[in-house]
Amino acid sequence: MAGYDDFVQTSYKPNSKDVIATFHVKVPTWQKEKTAWGAVASESSVGTWAAVKALHYKHVQKVAAKVFDVKKDSNRGYWLKIAYPEDHFEPGNMSQIMASVAGNVFGMKTVDALRLQDIQWTKKIVKSFPGPQFGIHGVRKIFNEKKRPLMLSVPKPKVGMTSAEHANIGWQIWTGGLDLLKDDENLTNQWFNPFERRVLASLKFRDKAEKLTGDKKSYLINVTAPTVKEMERRAKFAAKAGGEYVMIDICTGGWMAVNSLREICQDLGLAMHAHRAFHGSFTRVHDHGFSMLNLAKSVRLLGVDNLHIGTANVGKLVGTAEEVRNIQNNITMDVAPADPKEHSLAQNWYGMKPVFPCSSGGLHPVIVEDVLNKMGTNIMLQIGGGIHGHPKGSYAGAKAMREAVEAYMDGVHVDDAAKSSKELREALEYWGHTRPR
């Protein structure tokens, strides 16, 4: 293999030891289509722009990528399927894998736009990663709740309150019926709400709420930090204080941080909540970047227990119902089917535990049934403004939320449930069935 064109081999038949990636590529008017296709495979595996003698070595060609399928789209757009021999990658090293498949290719002039839509992992690659420690079943076991959605909330305003104010919000939502308090993605260790003080104050209220309600309560503590050493220190502090959970910003923290925290959590017996803040910067534009589907599949491998995936177009964040359901399938099923509409590939997870999907972004108690109709009840529900924006405050908002979910589980329409629930009726009168934009 020398030139880019040589990396296009449409007669090639992939085998079980090939990692398959689906790309969408737009080709500049000045470039030959085949050359652009081959450039993606070449630059994301073994090639470069110049003819290099060593590219002809047989052992080099054995780990080279190949474009084996091309489908024309529109406006000089093409869907490519590229096979990467699994030996091209270091097993268990997501940083190395993504440096190849999603590396320099996105900056090449030879493509106008490039979208990495899906990656189908081989058994060897899947087995090289730990996967979730708890998964859906393990998390439900923590709360002794087998059926209904678990509910959580971030105090609002999400940044700026003191540790005491933050913990008091936790008390209100826990006693109002929610399961978990959650740090916001941008709340870590600021002077007005320092990490250790917040953890101790919140868990003290957690213990009181458990005694009052008789239900298990917990706290998603954000341990995202400048270094792995500091992240580990914070996780150990949370565990020693009696926490069951930590949280990490997976995109801003990076693959290595997620992988490292998974090992730390294994040692400490902590569950791991993944927030996807920053993902929209590279997932939102559908003809360029890296899909949310790929992000979700990658962190299932890395071993998070919960992951935010959206509201199936009900709340304030982008994400169609089809896209969100496809992501949900890929993080919860053992064998996820292909979805031609979403250009996703079938994926066998070989027994890896499922990730608990978390629906969040602009929800309030009255429209929760819309999410549950689309996503089912085996999910987590994260409600922020829809709790704390209740006209009677956070406790009332939490109570309205719990009653809305209980009504759904009992097959009662939210409008009918509101007739016998003061807090839910107030939420209905205040928000109606409006969906945030």
Engineer: Apply the test side-chain contact (heavy atoms from CB on, under 4.5 Å) to residues M94 and L302: give CA-CA distance (whole Å), side-chain angles for both, the deciding distance (0.1 Å), then the verdict.
Structural biologist: CA-CA 8 Å; M94 189 63 71; L302 289 169; 4.0 Å; yes
Engineer: Is the side chain of N330 donor-acceptor paired with the backbone N or O of L293 at a distance under 3.5 Å, no angle test?
Structural biologist: no
Engineer: Would you say the ring centers of W37 and Y78 fall short of 6.0 Å from each other?
Structural biologist: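 W37 vs Y78: aromatic centres under 6.0 Å.
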Engineer: Which is it for K392 and E426 under the salt bridge (Lys or Arg N to Asp or Glu O under 4.0 Å) test, yes or no, and what are the steps along the way?
Structural biologist: CA-CA 8 Å; K392 293 298 176 61; E426 290 168 337; 2.8 Å; yes
Engineer: Rounded to the nearest 0.5 Å, what's the gap from CZ on R234 to OG1 on T188? Could you check?
Structural biologist: 5.5 Å
Engineer: Starting from the C-alpha separation in whole Å, work towards a yes-or-no answer on side chain to side chain donor-acceptor pair (under 3.5 Å) for H433 and D415.
Structural biologist: CA-CA 10 Å; H433 288 268; D415 291 348; 2.9 Å; yes
Engineer: Taking N348's backbone N and O only, do any of them form a donor-acceptor pair with W121's side chain (distance below 3.5 Å, no angle check)?
Structural biologist: no
Engineer: What closest approach, in Å, do N259 and G92 show between heavy atoms, and which atom pair accounts for it?
Structural biologist: ND2-O, 3.8 Å
Engineer: Would K217 and D207 count as a side-chain contact (heavy atoms from CB on, under 4.5 Å) if you check the C-alpha gap in whole Å, the side-chain angles of each, and the deciding distance to 0.1 Å?
Structural biologist: CA-CA 8 Å; K217 308 292 181 180; D207 294 343; over 6 Å; no
Engineer: Can a donor-acceptor pair be found, under 3.5 Å and without considering hydrogens, that links the side chain of T175 to the backbone of Q172?
Structural biologist: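 Confirmed, T175 side chain pairs with Q172 backbone.
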Engineer: Assess whether side-chain contact (heavy atoms from CB on, under 4.5 Å) is satisfied between V355 and V304, documenting all intermediate values.
Structural biologist: CA-CA 7 Å; V355 176; V304 306; 4.1 Å; yes
Engineer: Measuring only between side-chain heavy atoms, which start at C-beta, is V40 closer than 4.5 Å to V111?
Structural biologist: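 Sidechains of V111 and V40: in contact.
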Engineer: For atom CZ of F278, is the number of surrounding heavy atoms from other residues, nucleotides or ligands below 6.0 Å larger than 12?
Structural biologist: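 12 or below, so no.
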Engineer: What orientation do Y12 and F68 show, parallel under 30°, tilted 30 to 60°, or perpendicular over 60°?
Structural biologist: perpendicular
Engineer: Given side chains that start at C-beta, do those of D18 and E86 come closer than 4.5 Å, heavy atoms only?
Structural biologist: no
Engineer: Between R233 and E230, is the salt bridge (Lys or Arg N to Asp or Glu O under 4.0 Å) condition met? List the steps.
Structural biologist: CA-CA 5 Å; R233 189 193 71 79; E230 175 60 17; 3.0 Å; yes
Engineer: Are the side chains of C265 and Q133 in touch, meaning some heavy atoms are under 4.5 Å apart?
Structural biologist: yes
Engineer: Closer than 3.5 angstrom, by distance alone: can the side chain of K182 be matched with the main-chain N or O of Q382 as a donor-acceptor pair?
Structural biologist: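 Pair absent, no side-chain N/O of K182 close to backbone of Q382.
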Engineer: Between S344 and D339, does any side-chain donor sit less than 3.5 Å from a side-chain acceptor?
Structural biologist: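 The criterion, which ignores hydrogens and geometry beyond distance, is not satisfied for D339 and S344.
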Engineer: Report the C-alpha separation of D179 and R148 in whole Å, then their side-chain angles, then the decisive distance to 0.1 Å, and conclude whether the salt bridge (Lys or Arg N to Asp or Glu O under 4.0 Å) test is met.
Structural biologist: CA-CA 11 Å; D179 304 290; R148 71 162 171 81; 2.8 Å; yes
Engineer: Show the numbers, then the answer: is there a side-chain contact (heavy atoms from CB on, under 4.5 Å) between V371 and I379?
Structural biologist: CA-CA 10 Å; V371 175; I379 64 171; 4.1 Å; yes
Engineer: Would you call the rings of H88 and Y84 parallel, tilted or perpendicular, taking 30° and 60° as the class edges?
Structural biologist: tilted
Engineer: Should we count NZ of K374 as having more than 12 external heavy atoms under 6.0 Å?
Structural biologist: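 For K374, atom NZ is crowded (more than 12 foreign heavy atoms under 6.0 Å).
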Engineer: Would you indicate whether the side-chain heavy atoms of I331 and P357 approach each other to under 4.5 Å?
Structural biologist: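 With C-beta onward as the side chain, the pair touches.
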Engineer: Any chance NZ of K72 has more than 12 other-residue heavy atoms, nucleotides or ligands included, within less than 6.0 Å?
Structural biologist: yes
Engineer: Of all heavy-atom pairs between I169 and S394, which one has the smallest distance, and what is that distance?
Structural biologist: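 Closest approach of I169 to S394: CD1-OG, 3.7 Å.
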Engineer: Starting at CD1 of I173, measure out to CZ of F205 and round the result to the nearest 0.5 Å.
Structural biologist: 12.5 Å
Engineer: Drop me the distance from L345's CG to Q120's CD, to the nearest 0.5 angstrom.
Structural biologist: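 Output value for this atom pair is 5.0 Å.
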Engineer: Please say whether more than 12 non-hydrogen atoms of neighbouring residues, nucleotides or ligands are located less than 6.0 Å from CG in D334.
Structural biologist: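 Yes.
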Engineer: Is there a side-chain contact between E145 and L150 (heavy atoms, below 4.5 Å)?
Structural biologist: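 Side chain of E145 against side chain of L150, heavy atoms only: contact under 4.5 Å found.
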Engineer: Side chains of N93 and E90: do they bring a donor and an acceptor to under 3.5 Å?
Structural biologist: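 Yes, a side-chain donor-acceptor pair sits under 3.5 Å.
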Engineer: Return a table of donor-acceptor pairs under 3.5 angstrom between the side chains of residues 242-258 and protein atoms on other chains or two or more places apart.
Structural biologist:
{"unit_1": "E244", "atom_1": "OE1", "unit_2": "R206", "atom_2": "NH1", "d": "3.1"}
{"unit_1": "E244", "atom_1": "OE1", "unit_2": "S218", "atom_2": "OG", "d": "2.6"}
{"unit_1": "E244", "atom_1": "OE2", "unit_2": "R206", "atom_2": "NH1", "d": "3.2"}
{"unit_1": "E244", "atom_1": "OE2", "unit_2": "K216", "atom_2": "NZ", "d": "2.4"}
{"unit_1": "Y245", "atom_1": "OH", "unit_2": "N306", "atom_2": "OD1", "d": "3.2"}
{"unit_1": "Y245", "atom_1": "OH", "unit_2": "N306", "atom_2": "ND2", "d": "3.0"}

Engineer: Taking it one step at a time, do K71 and D73 satisfy salt bridge (Lys or Arg N to Asp or Glu O under 4.0 Å)?
Structural biologist: CA-CA 6 Å; K71 296 286 190 301; D73 190 1; over 6 Å; no
Engineer: Is the Lys NZ or Arg CZ of K240 less than 6.0 Å from the centre of F237's six-membered ring, within 45° of the axis?
Structural biologist: no
Engineer: Could you tell me whether the side chain of E165 reaches within less than 4.5 Å of the side chain of T162, counting heavy atoms only?
Structural biologist: yes
Engineer: Indicate, with yes or no, if the rings of H24 and H286 have centres closer together than 6.0 Å.
Structural biologist: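 No, too far apart.
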Engineer: Less than 4.5 Å apart, side chain to side chain, heavy atoms only: is that true for M409 and P149?
Structural biologist: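 Counting from C-beta outward, M409 and P149 do come under 4.5 Å.
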Engineer: So which atom in G310 and which in S359 form the shortest heavy-atom distance, rounded to 0.1 Å?
Structural biologist: O-OG, 2.9 Å
Engineer: Rounded at 0.5 Å granularity, tell me how far CZ in R115 sits from NE2 in H343.
Structural biologist: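 That separation rounds to 11.0 Å.
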Engineer: Filter on ring pair (Phe, Tyr, Trp, His ring centres under 6.0 Å), then keep only pairs touching residues 384-431, sequence neighbours left out; what's left?
Structural biologist: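 The answer is H364-W431.
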Engineer: Go through the side-chain N and O atoms of N193 and S163 and say whether any donor and acceptor fall under 3.5 Å apart.
Structural biologist: yes
Engineer: When rounded to the nearest 0.5 angstrom, what distance separates CG in L307 from NE2 in H279?
Structural biologist: 9.0 Å
Engineer: Spell out, as yes or no, whether a donor-acceptor pair under 3.5 Å connects the side chain of S45 to the backbone of A65.
Structural biologist: yes
Engineer: Quick one: are V101 and F23 in side-chain contact, heavy atoms under 4.5 Å?
Structural biologist: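 V101 vs F23: side chains touch.
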Engineer: If every non-hydrogen atom of D183 is compared with every non-hydrogen atom of Y219, which pair is closest and at what distance?
Structural biologist: OD1-OH, 2.6 Å
Engineer: Could you measure the distance from the CZ atom of F134 to the CE atom of M272? Nearest 0.5 Å is fine.
Structural biologist: 12.0 Å
Engineer: For the residue pair H288 and F106, does the interplanar ring angle fall in the parallel (under 30°), tilted (30 to 60°) or perpendicular (over 60°) class?
Structural biologist: perpendicular
Engineer: Looking only at non-hydrogen atoms, find the nearest pair between V414 and V366 and report the distance.
Structural biologist: CG1-O, 3.8 Å
Engineer: What closest approach, in Å, do G384 and S153 show between heavy atoms, and which atom pair accounts for it?
Structural biologist: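 In this case the closest contact between G384 and S153 is CA-OG, 4.0 Å.
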Engineer: More than 12 foreign heavy atoms under 6.0 Å from CG of N144: is that the case here?
Structural biologist: no
Engineer: Quick one: does Q328's side chain have a donor or acceptor within less than 3.5 Å of a partner on M375's backbone?
Structural biologist: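 Answer holds: yes.
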Engineer: Between T22 and Q117, is any side-chain donor less than 3.5 angstrom from a side-chain acceptor?
Structural biologist: no
Engineer: Sort and list the pairs that fulfil salt bridge (Lys or Arg N to Asp or Glu O under 4.0 Å) and have at least one residue in residues 122-143, not counting sequence neighbours.
Structural biologist: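 Non-adjacent pairs meeting salt bridge (Lys or Arg N to Asp or Glu O under 4.0 Å): D87-K124.
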